[in-house]
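Note that ligands are numbered from 1 as they come in the structure, with each ligand's atoms numbered from 1 the same way. All residue numbers in this chain count up from 1 along the given sequence.
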Amino acid sequence: MEKTLIVLKPDAVSRGLCGEILARFEKRGFQIVEMKLLTVSRELAEEHYSEHKEKPFFAGLVEFITSSPSLAMVLEGQNAITLSRAMIGATNPLDANPATIRGTFTSDKQFNLVHGSDSPEAAEREIALWFSK
Ligand code: IDP
Ligand code: MG
């Protein structure tokens with residue numbers, strides 16, 4: 001069993017897509033083990049996305065993620081990290097398979113609805129960051 005951090009970003013919450021997106025993960029067999037609605041602080045956003053600090057889109061990304069509430073959760077399941085990334089779809093809308101969450105609900109590179117941890121190391125780091133007690 002693996003755990004992964006999934007964040008339904010502000011666009012998913014404001015567009016009313018949390019239910020549909022969450023249903024996909026639940027139907028795939030993942031269990032919700034943690035969940036909270038929160039407005040992400042600038043500090044959390046900058047730490048979460050620290051690998052992108054030097055990128056030209058970093059400031060806009062932090063602005064977006066902190067703009068209104070996100071629904072953050074830890075999902076658990078067999079191969080949850082790899083499978084959830086496959087379900088989320090590619091970052092570049094031109095590469096996102098239409099069967100994926102991004103491929104179904106967005107065509108924007110920034111406003112792309114969902115974050116999912118991309119490796120076991122990232123999942124461990126991100127779960128501790130978002131759900132430390
Ligand atoms: P990922 O979410 O598919 O792992 P990353 O490359 O890690 O994609 O980028 C993190 C987030 O930054 C993306 O989900 C998206 O919201 C935003 N982003 C990535 N690339 C761009 C870009 O070229 N322009 C604007 N926003 C971007
Ligand atoms: Mg990433």
Side-chain angles (χ1 to χ4, degrees):
M1 285 291 183
E2 257 177 13
K3 287 182 184 169
T4 188
L5 179 81
I6 297 291
V7 180
L8 308 191
K9 299 180 185 184
D11 53 339
V13 176
S14 62
R15 289 178 59 195
L17 291 172
C18 291
E20 284 195 65
I21 294 170
L22 186 53
R24 289 185 175 213
F25 289 122
E26 289 189 297
K27 288 175 187 171
R28 195 75 194 269
F30 301 145
Q31 288 293 321
I32 302 165
V33 297
E34 305 260 19
M35 179 179 266
K36 64 180 172 191
L37 186 76
L38 76 163
T39 302
V40 174
S41 66
R42 177 163 291 269
E43 187 187 15
L44 173 57
E46 289 179 351
E47 183 60 33
H48 175 73
Y49 281 126
S50 56
E51 65 173 307
H52 297 306
K53 222 165 14 200
E54 309 302 330
K55 305 271 173 64
F57 60 81
F58 184 71
L61 174 60
V62 169
E63 203 60 41
F64 162 48
I65 289 297
T66 58
S67 63
S68 61
S70 294
L71 187 63
M73 64 195 80
V74 177
L75 298 184
E76 184 176 57
Q78 284 180 42
N79 300 305
I81 298 166
T82 307
L83 291 183
S84 60
R85 288 286 297 190
M87 292 170 71
I88 290 166
T91 317
N92 184 340
L94 297 177
D95 297 328
N97 185 299
T100 61
I101 294 165
R102 288 175 178 167
T104 302
F105 298 114
T106 186
S107 54
D108 195 275
K109 201 171 191 178
Q110 176 174 261
F111 302 112
N112 59 9
L113 301 167
V114 195
H115 167 81
S117 307
D118 65 5
S119 67
E121 297 70 34
E124 193 179 7
R125 180 182 84 85
E126 292 171 0
I127 289 168
L129 185 61
W130 288 69
F131 286 96
S132 60
K133 293 295 178 311

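- The protein residues lying under 4.0 angstrom from ligand 1, judged by non-hydrogen atoms, are Lys9, Tyr49, His52, Phe57, Leu61, Arg85, Thr91, Arg102, Lys109, Gln110, Asn112.
- Side-chain N or O atoms of Ser70 include none that pairs as donor or acceptor with a backbone N or O of Ala72 at under 3.5 Å.
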Decide side-chain contact (heavy atoms from CB on, under 4.5 Å) for Ser50 and Arg125; before the verdict, give the C-alpha distance in whole Å, the side-chain angles of both, and the deciding distance to 0.1 Å.
CA-CA 12 Å; Ser50 56; Arg125 180 182 84 85; 4.2 Å; yes

Could you please spell out the steps behind the side-chain contact (heavy atoms from CB on, under 4.5 Å) verdict for Thr66 and Thr39?
CA-CA 6 Å; Thr66 58; Thr39 302; 5.7 Å; no

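- A cation-pi arrangement, defined by a distance under 6.0 Å to the six-membered ring centre and an angle within 45 degrees of its axis, is present between Lys36 and Phe131.
- Applying the salt bridge (Lys or Arg N to Asp or Glu O under 4.0 Å) test to residues at least two apart or on different chains, the pairs with a partner in residues 58-87 are Arg42-Glu63.
- Within 6.0 Å of atom CD in Glu26, more than 12 heavy atoms from other residues, nucleotides or ligands are found, so the atom counts as buried in its surroundings.
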